[in-house]
Amino acid sequence: MGTYGGDEVAALVLSVGHTWTQAGYAGEDTPKSIFPTSVGWVDLPAEADQGDDADNSEDTQMQDVTQDGASASDSNHIGKKDADGGDVAPQPVGAGLVPSKKKITKRGKYYVGDGEISCWRPDMEIKSPMKDGLVEDWDALEQIWDHAFLKRLRCDPTEHPLIITESAWNTREIREKLTELAFEKYNFPAFFVAKDAVMTAFAAGRPHALVVDSGGDMTSVVPVYDGYVLRKGIMRQSLGGDVLSDQVLQQFKASDVEVTPQYLIAKKSPVIVGQKPNVVLRDRPATPSFHKMMQMRVLHDFKESVCQVAESTYNEQNISTRPQKPYELPDGYNFNFGTERFKVPEIMFNPKEFLKNPTPEQENFVGLPKLIFNSAQSCDIDFRPTLFGNVVLTGGNTLFPGFADRLHWELNSIPHSYKVKLHAPGNTVERKCGSWLGGSIMASLGTFHQLWISRKEYDESGSNIVNKKCV
Amino acid sequence: MATGNDVREIFQLKASDQVRRVQKTERKPDGISRELYGLIGNNVSTVAFNNPTYKPKLNVSKKAVNWTWRPFVNPSRDDDLVLQHWEKTRTDPNEEYRFYKFNKSINLISFSPEEYTSHLKDPDWTMEETSYLWDLCRRFDLRWVVIQDRYEWPPQEADRLALQYYNGNNLVISENAPNATKKEEEDTPMKDASAAASGSGESFVQATLGGDTSTSTGATNAATATASGSKPPTAAASTSKAVVSITPAKTRSMEDLKHRYYTISRILTKIRMGDASQAVEKAQLLSSMAYDKNREIERKKNLEILNTRTPEQIEEEEALYLEARRIDQNEKKITRERENLLRLLNTRDIYGPGGPTSAGLAGQVGVAGGGGPGTGIIIPSNSITIPSSSSPSASGAAGGAGGSGHSSANGPLSPSVGKGGAGAATPGGAAGASGTTPKKRKKAPKGSVQADDSAPPTPTTATSGANALKGSSSSNHRRPSNASDGPGGPSSASATLPPPAVKKEKLTPGAYLRSQKMTPIVSTKQQRVQSALVTLGLPFKPAMPTATVMAKWDQVQSNIVTLLDIKKQADKLESDLKVVKMRRGSLGSGSSGSSSAVTGSAASGAGGATGGVSLGSNVDGNFGVKREGTGDESGTPGPVKKKKRKD
Ligand SMILES: Nc1ncnc2c1ncn2[C@@H]1O[C@H](COP(=O)(O)OP(=O)(O)OP(=O)(O)O)[C@@H](O)[C@H]1O
Ligand SMILES: [Mg+2]
């Protein structure tokens, strides 16, 4: 036991990304629960709870009503206590640790979890609390935390220390608010905020690393020195899996193919390759955000099952000799995809050329190799060889077949005299949950326990203690 | 295939039932684990067998160890956070936390304000900044990469507070003010801070940066206040303003920081360890703190250069390196070749007058002496290189130049060598003195123009005068060398017949055939010598082998051998030259000039063997033609002439 330095204190590890939220116990090798970070929100008339229809069973409604009553007083109480929410949205319930899937506020109702948000409701808006690695919507974030701790892990927060991961460029204010949330609302006995890049490096067993993380809405390169993020070397751009999926959508549009999500399809019959689908649609009016999310799911699936990265430079001739892959959309339309399936992930390496109809912001995107190179270049010259020797690849968007090979190839073809070593876990879970895993490892180390922010410290110093202890 | 059983059957033996299949299992060597040996040993089976040999036994006799979920306190913490973990029940609950011993921090030498003012002052640093550096060093345990990354002077308020928090109250300087600020900060409701920040990290940072600038320019500290949450400038804020001295925002390189740190550490060590008893320890400490900033900067700059080489540069560098290695390795071979060459040339002189021979050697030495050993070697090699088509006329010029040259011996020579200045004159003169005629000839072609500059005769006159001069010019060539050697005697010798070769005749006892006295020719050369004889119109064997004829014959033969050798060398060098030229590419007139000089010299070098013209055409055309050429030039010096004379 002493040999590996572990000492479990039953800590919880939570990692909220733009796309996925991962929650579990420290010391385990996979998160107990992974669910989408997006939440559904239905506006409700102040008193009458009529939002749900056919999809929701009657008794859920009943529950909602009862909870509504109970929580109204709760939220009022909290509302008085923390007045910082502004007038945008009053503080939702939560202090009462009542496991409740559907949070009721005065004005509406949240839906969290895969099953809930993908269920069609006419007025349900979908939103993600995270943007560019920063928390944007605190109400939604609270829903996520509630869901993770109370619905999924079903634990008593007062019994477990909590460690969460944050992006390397997180702001002071956000961390302070997170700290406040952890101590004020959930009463965790101890809390810690770790940088996801450092945690990823940890999971890869490296104190020094150049962490390349390409997730849903961000791609970032972060140099890590002995467990510390080097702020000056952080490079990031909002080019991630979502942009790629969006490009797929544009491709489909250009070839006049409609992407119809599952929830709209009542009946379909098989058609031959390339033919218009033969489908009967349902009349299900939905909010644009819901429709978009459902469409994106289809596109993500298409992308994840069909697309591939050319192992060395993109060469149309070589690519066209590669085997095509068939894919069938939910409405029955099917096609064999050849060069198209290589073009999409190519955006990561050569956005200038492959990104169609870029927005002004997107025009400034640079290829991933360049981003990595720039990041390393902004570090001390003595440290660069170490960085190049410890490039750690993480994030769902790097899971395209051939991605790691290509990146390695590209990094070697930029002129420099360093030896490039790419660490890319072959295990999908490890690649997607790198930062969670690092948190899990770190929070179960005996030497780590002196770093926790305790309740007492929080009470004494206030929430900005987090900026003093977690650097 | 026949098995053992088949064989037994054939011999009608009883099938042995004890055909035990002896499974030869080699013993696994010690030190290799069984699994590994299974993979690499010679008993590798294609199918992995998975029959576990280890059978877990239920140990009923031993009692299971009890574990308890037990609270513990970590002494590394200064609060009393109680966490829970599993422990063996039988361990003492009051035992110190197992991981406490890993809580180590580095020992920084800290300084007091008094010490600072008396010893550590630096015009480039304020005390505040220095102590900020110290805080960072302590905070990040001297991880310089991180320190440099986080270094920001003047620091953001929040950063400063965080540092202070970490370093506890052992701050040396500006104790009070920051504390006040800190308290103030804590009192400020959190919400204000977050409300002030618009949520975007950048904008926040920008605001703070602006604050730093304004602070540094001496404006009020309002901006700092903004950073810590848009509160109005309060008393605390103004105190903190007093603390943050008015320094322009600086960017400090890692070298700056390290330099400051190590300098101070060294000074403090020196002051504190005044004791003689600690001298050794002190010296050790000091040497561990040595830091040469400029060298570091230089080193990093060079590293940068090294790392920003383009692939072409790297390639070129590698090619050059290989070339250098090759040259290094070939050096021996090349010098050996040159020696051979020299020997070749000198041996020719053996047939010349006794004087010149020694003069030749002396001349070579002289060359070496004149131009330094390097040039000394190079010059002879140049002189031997390849003939060019221009050589025929050149030889005339050479004669002319030589003719005129003897009056102003050094004049024509120096340009031909291709290096100006007095230094050139020396080797040139030496070359002339060496009496290796080729050298002088060589000069002529390339140097003819130059020679005209220094020496009166124009090319035309030189050529026209060449015939007239020929006889004398050749002797003139020799002359300087002889002259330098001493008595002028040899001149007459070269004009007429050279004295008979100094060849000792072996006295064979008894009667012998004259033909036995013929110097045998190496079989590999025999054929070529014979064909040369044919072109000369000579029979393979002299019809009338009298003593004189035989002597001549021998001479002719050995001359032919020498000639062939030289020709071979010339060919080789010419092809070498071609390769070099090709490599040099189009380097314009400069290179062509020098190369023509080389060619010219080559021509004359070769000419030395046969007589000026002949070798030039020798290489190009057939042997016979030259022969005629040589014949014309009766005045040409050297053994060839003798050959002609003979026929
Ligand atoms: N096998 C796959 N092939 C290609 N892309 C994939 C694959 N699996 C997931 N992705 C993409 O990866 C993205 C999600 O990555 P990840 O789970 O790392 O996001 P996240 O960490 O939640 O987001 P972020 O890091 O931006 O906050 C999605 O866009 C998804 O389409
Ligand atoms: Mg991520």
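All chains are named by letter (A, B, ...) in the order of the sequence lines, taking the proteins before the strands, and each is independently numbered beginning at 1. All values below were derived from every heavy atom in this structure, side-chain atoms included, with hydrogens, water molecules and symmetry-related copies excluded.
- There is no contact between A/Lys131 and chain B, counting heavy-atom distances below 4.5 Å.
- A distance of 13.0 Å separates CG in B/Asp79 from CH2 in A/Trp452, rounded to the nearest 0.5 Å.
- In this structure, the portion of B/Leu306 lying under 4.5 Å from any heavy atom of chain A is its backbone and not its side chain.
- Residue A/Tyr225 touches chain B through both its backbone and its side chain, counting heavy-atom pairs closer than 4.5 Å.
- Remark: A/Lys456 does not engage B/Asp78 in a salt bridge, criterion side-chain N to carboxylate O under 4.0 Å.
- If you measure heavy-atom distances from A/Asn170 to chain B, you find no contacts under 4.5 Å at all.
- The side-chain heavy atoms of B/Leu83 and A/Pro161, taken from C-beta on, include a pair separated by under 4.5 Å.
- Highest contact tally toward chain B, considering only A/Leu451, A/Asp226, A/Asp132, A/Asn467, is held by A/Asp226 [criterion: heavy-atom pairs under 4.5 Å].
- Within the 4.5 angstrom heavy-atom criterion, no atom of A/Ile414 approaches chain B.
- The shortest distance between side-chain heavy atoms of B/Tyr97 and A/Gln450 does not fall below 4.5 Å.
- No more than 12 heavy-atom neighbours from other residues, nucleotides or ligands sit within 6.0 angstrom of CD on B/Glu315.
- With a threshold of 4.5 angstrom between heavy atoms, A/Lys232 approaches chain B through its backbone and through its side chain.
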task: Mind running side-chain contact (heavy atoms from CB on, under 4.5 Å) on B/Trp86 and A/Asp7 for me, showing each step along the way?
output: CA-CA 8 Å; B/Trp86 288 105; A/Asp7 187 18; over 6 Å; no
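- Most heavy-atom pairs under 4.5 Å with chain A, from the set B/Leu303, B/Val146, B/Thr308, B/Asn74: that is B/Val146.
- The part of B/Gln84 that comes within reach of chain A is its backbone (N, CA, C, O), which places non-hydrogen atoms under 4.5 angstrom from that chain.
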Criterion side-chain contact (heavy atoms from CB on, under 4.5 Å) on B/Glu152 and A/Arg231, from CA distance to verdict: CA-CA 12 Å; B/Glu152 190 182 325; A/Arg231 292 180 186 159; 5.8 Å; no
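- Under the 4.5 Å side-chain criterion, counting only non-hydrogen atoms from C-beta, B/Arg77 is in contact with A/Glu457.
- Checked by atom type, the side-chain pair A/Asp380/B/Gln148 shows no donor-acceptor distance below 3.5 Å.
- Ranked by heavy-atom pairs under 4.5 Å with chain A, the first of B/Arg309, B/Arg150, B/Arg299, B/Glu87 is B/Arg150.
- B/Lys300 contributes atom NZ, which lies 4.5 Å from atom CG of A/Asp382 (distance to the nearest 0.5 angstrom).
- Minimum interatomic distance between B/Phe99 and A/Gly6 (heavy atoms only, all atoms of both residues): CZ-O, 3.8 Å.
- Contact between B/Leu81 and A/Pro189 at its shortest, heavy atoms only, is CD1-O, 3.8 Å.
- No side-chain heavy atom of B/Asp149 sits less than 4.5 Å from a side-chain heavy atom of A/Tyr228.
- When each of B/Trp144, B/Phe102, B/Tyr100, B/Phe140 is scored by its heavy-atom pairs under 4.5 Å with chain A, the top score falls to B/Phe140.
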